[in-house]
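Below is one structure, written out as structure tokens; comments come after it.
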Amino acid sequence: SLFTLATAAFVVVLLTVPAFTALVAVSRSLARGEEVPLAGFWYAFRSYFARSAGIAAAGGLVMVILVLDLAFFLQAPSVWVRAVAGAWVWLIVYGAAVVTVAPAVLVWMGRGPLVTLKQAALIVLDNAVVSAVLMAALAVLGAASVVLGAPLLLLFGQMSAFLLSSAMEAILERYRLLQEDSGKAGEGL
């Protein structure tokens with residue numbers, strides 16, 4: 001039934017986002033040159049589980065609402081109302097980018113689910129080009145994983161986490177440099 005399918009999909013999402021968040025945390029540690037034991041993944045999974053499950057639930061709810069809105073606008077009899085559906089497509093793409101970046105924001109900032117989603121939304125808006133390139137790279141990686149099958153599919157999560165960690169490091173370094181420049185400019189006044 002549809003209810004069983006929806007429940008199964010919800011459970012998969014609630015487990016996938018915490019697992020991906022743990023992969024991002026491990027990837028961040030490895031990129032910094034830290035040694036991560038095998039138990040490090042499970043530690044990260046446990047420590048980020050509740051917050052990342054909250055991100056999955058909130059992000060999933062927003063995405064369901066956006067898709068239902070899109071379906072509503074596409075079924076409208078008026079051409080003008082259907083034209084509004086184009087904006088909903090972009091909102092769905094933006095929502096997907098926010099939910100994709102949110103695990104990295106959670107690992108770097110360590111806040112609650114709603115604050116993390118707000119910060120991820122601002123980071124995606126402020127870094128539109130980096131976010132678009134990241135989403136395109138993840139889409140190509142995902143398509144290649146499906147086409148090439150098991151060997152690449154097994155590594156998809158870690159490769160995605162590494163790409164996201166690298167992008168997040170670059171974005172936060174840019175913010176650090178901007179903050180230092182504004183501090184120096186403030187001293188000269």
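Computed from a predicted model, the values in this text were never measured in an experiment.
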Note: with side-chain heavy atoms under 4.5 Å as the link, the other cluster members for Val79 come out as none
Partners of Trp108 by ring-ring contact (aromatic ring centres under 6.0 Å, His included), sequence neighbours excluded?
-> none
Between Gly157 and Phe20, what is the shortest heavy-atom contact and its length?
-> O-CE1, 3.8 Å
So if you build clusters from Ile, Leu, Val, Met, Phe, Trp, Tyr with side-chain heavy-atom gaps below 4.5 Å, do Leu30 and Trp42 land together?
-> yes
Consider only side-chain heavy atoms of I, L, V, M, F, W and Y, link residues closer than 4.5 Å, and tell whether Leu125 and Leu117 are in one cluster.
-> yes
Consider only side-chain heavy atoms of I, L, V, M, F, W and Y, link residues closer than 4.5 Å, and tell whether Ile92 and Val84 are in one cluster.
-> yes
Considering non-hydrogen atoms only, spot the tightest contact between Val24 and Ala104 and give its length.
-> CG1-CA, 3.8 Å
Taking every heavy atom of Pro18 against every heavy atom of Ala53, the minimum-distance pair comes out as CG-N, 4.0 Å
Report whether Leu138 and Val101 are members of the same hydrophobic cluster (ILVMFWY, side-chain heavy atoms less than 4.5 Å apart, transitive linking).
-> yes
If you look at every heavy atom in Ala76 and Val81, which pair is closest and at what distance?
-> CB-CG1, 3.4 Å
Can you tell me how far the CD atom of Glu169 sits from the CZ atom of Arg28, to the nearest 0.5 Å?
-> 6.5 Å
More than 12 heavy atoms of other groups within 6.0 Å of Leu177 CG = yes
Roughly how far, to the nearest 0.5 Å, is the CD1 atom of Ile55 from the OG1 atom of Thr116?
-> 4.5 Å
Within 6.0 Å of CD in Glu173, more than 12 heavy atoms from elsewhere = yes
Please test Tyr48 against Val17 for side chain to side chain contact (heavy atoms under 4.5 Å, CB included), starting from the C-alpha separation and ending with a verdict.
-> CA-CA 10 Å; Tyr48 291 112; Val17 174; over 6 Å; no
Remaining members of Leu68's ILVMFWY cluster at a side-chain heavy-atom cut-off under 4.5 Å?
-> Val64
Return yes if some donor-acceptor pair links the side-chain N/O of Tyr94 with the main-chain N/O of Ala121 below 3.5 Å, else return no.
-> yes
Considering all heavy atoms, the nearest Ala137-Leu163 contact | CB-CD1, 4.3 Å
Could you tell me the separation between the CE atom of Met159 and the OG atom of Ser145, rounded to the nearest 0.5 Å?
-> 5.0 Å
Got more than 12 heavy atoms from elsewhere within 6.0 Å of CD, Glu35?
-> no
Pair listing, salt bridge (Lys or Arg N to Asp or Glu O under 4.0 Å) test, anchored in residues 120-145, at least two apart = Asp126-Arg174
Return each pair, listed once, that meets side-chain hydrogen bond (donor to acceptor under 3.5 Å, both in side chains) where at least one residue sits in residues 57-85; pairs must be two or more places apart or across chains.
-> Asp69-Trp88
Distance (rounded to the nearest 0.5 Å) between Leu91 CG and Ile65 CD1 = 12.5 Å
Rounded to the nearest 0.5 Å, the CG atom of Leu172 sits from the CD1 atom of Ile123 at a distance of 6.0 Å
Tightest non-hydrogen contact, residues Thr100 and Pro103, listed as O-CD, 3.3 Å
Using the rule that two of Ile, Leu, Val, Met, Phe, Trp, Tyr join whenever any of their side-chain heavy atoms come within less than 4.5 Å, decide whether Met135 and Leu164 are in one cluster.
-> no
List the steps, then state whether side chain to side chain contact (heavy atoms under 4.5 Å, CB included) holds for Leu66 with Leu70.
-> CA-CA 6 Å; Leu66 287 174; Leu70 177 64; over 6 Å; no
Should the ring pair Phe45 and Phe49 be called parallel, tilted or perpendicular, given that the plane angle runs from 0 to 90° and is split at 30 and 60?
-> tilted
Could you give the distance from CZ (Phe41) to CD (Gln158), rounded to the nearest 0.5 Å?
-> 9.0 Å
Contacts of type ring-ring contact (aromatic ring centres under 6.0 Å, His included), residue Phe162, not counting sequence neighbours | none
